[in-house]
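Just so we're clear, the structure is a prediction, and the values are computed from it rather than from any experiment.
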Amino acid sequence: MAEVTKKSERLNIRARGEEKEFVERAARASRVSTSQFVMQAALRSAEDVLSEQTRFVLPPDAWGAFVAELDRPAREISELKAAASKPSPFSER
């Protein structure tokens, strides 16, 4: 038997009557409670939003070019090297 975890947090939302009825109808059609339906939809949406910030997809040929650039040896930029060798203005004196 699956372990049941008690939910301790609450989300409250306000909706117009027709919005609530529409969601309740969809929940019934999905054979889940309205709360389960809303939570599942919210989690899917949250996953979509957050995945857009953490992942990207490239076609195979572009992926190959991307990986080749990552694998390429670093090049030395003298201006950056000079800037990095200076003492930090934020370090204690």
Side-chain angles (χ1 to χ4, degrees):
M1 181 181 244
E3 182 181 326
V4 177
T5 57
K6 186 176 179 183
K7 297 174 183 163
S8 62
E9 299 298 320
R10 186 177 210 64
L11 290 175
N12 294 305
I13 59 172
R14 296 203 175 274
R16 295 189 311 266
E18 62 271 12
E19 292 170 332
K20 183 178 181 233
E21 289 171 17
F22 191 65
V23 169
E24 288 171 338
R25 219 170 80 215
R28 282 192 305 274
S30 300
R31 293 191 167 106
V32 295
S33 71
T34 303
S35 291
Q36 288 173 311
F37 184 84
V38 170
M39 181 56 69
Q40 289 168 357
L43 289 172
R44 277 192 306 273
S45 183
E47 191 173 277
D48 290 345
V49 168
L50 294 176
S51 73
E52 289 174 6
Q53 297 178 6
T54 59
R55 149 183 96 145
F56 67 98
V57 178
L58 295 171
D61 59 326
W63 179 256
F66 175 71
V67 170
E69 285 297 312
L70 291 176
D71 290 342
R72 187 173 55 105
R75 62 186 167 96
E76 188 175 296
I77 301 172
S78 58
E79 293 86 355
L80 287 178
K81 190 173 182 179
S85 67
K86 293 180 181 176
S88 169
F90 302 107
S91 61
E92 294 182 26
R93 296 177 192 232

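T34 pairs by the side chain to side chain donor-acceptor pair (under 3.5 Å) definition with nothing, not counting sequence neighbours. Qualifying side chain to side chain donor-acceptor pair (under 3.5 Å) partners for E21, counting only residues two or more places apart in sequence or in other chains: none. The side-chain contact (heavy atoms from CB on, under 4.5 Å) search around A46 returns none, not counting sequence neighbours. When the side-chain contact (heavy atoms from CB on, under 4.5 Å) test is applied to S30, the partners found at least two apart in sequence or on another chain are V32, F37. Taking the side-chain contact (heavy atoms from CB on, under 4.5 Å) definition, one finds that F22 meets it with R25, sequence neighbours left out.
The other members of the hydrophobic cluster of L43, by chain and number, are L11, M39 (side-chain heavy atoms under 4.5 Å, ILVMFWY only). Cluster partners of L80, by chain and number: I77. The rule joins Ile, Leu, Val, Met, Phe, Trp and Tyr whenever side-chain heavy atoms lie under 4.5 Å apart. In this structure, V49 shares a hydrophobic cluster with no other residue, the cluster being traced through Ile, Leu, Val, Met, Phe, Trp and Tyr side chains under 4.5 angstrom apart.
Listed by first and then second residue, the salt bridge (Lys or Arg N to Asp or Glu O under 4.0 Å) pairs that reach into residues 79-90 are E76-K81, sequence neighbours excluded. Annotation: salt bridge (Lys or Arg N to Asp or Glu O under 4.0 Å) contacts involving residues 42-69, sequence neighbours excluded, comprise E69-R72. Residue pairs meeting the ring pair (Phe, Tyr, Trp, His ring centres under 6.0 Å) criterion with at least one member in residues 39-58, sequence neighbours excluded, are F56-F66.
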If you look only at distance, which donor and acceptor atoms sit under 3.5 Å apart when one is on a side chain in residues 12-19 and the other is two or more places apart or in another chain?
| residue | atom | partner | partner atom | Å |
| --- | --- | --- | --- | --- |
| R16 | NE | E18 | OE2 | 2.9 |
| R16 | NH1 | E19 | OE2 | 3.2 |
| R16 | NH2 | E19 | OE2 | 3.3 |
| E19 | OE1 | R16 | N | 2.8 |

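If you take OG on S33 and CD on E24, they are separated by 10.5 Å, rounding to the nearest 0.5 Å.
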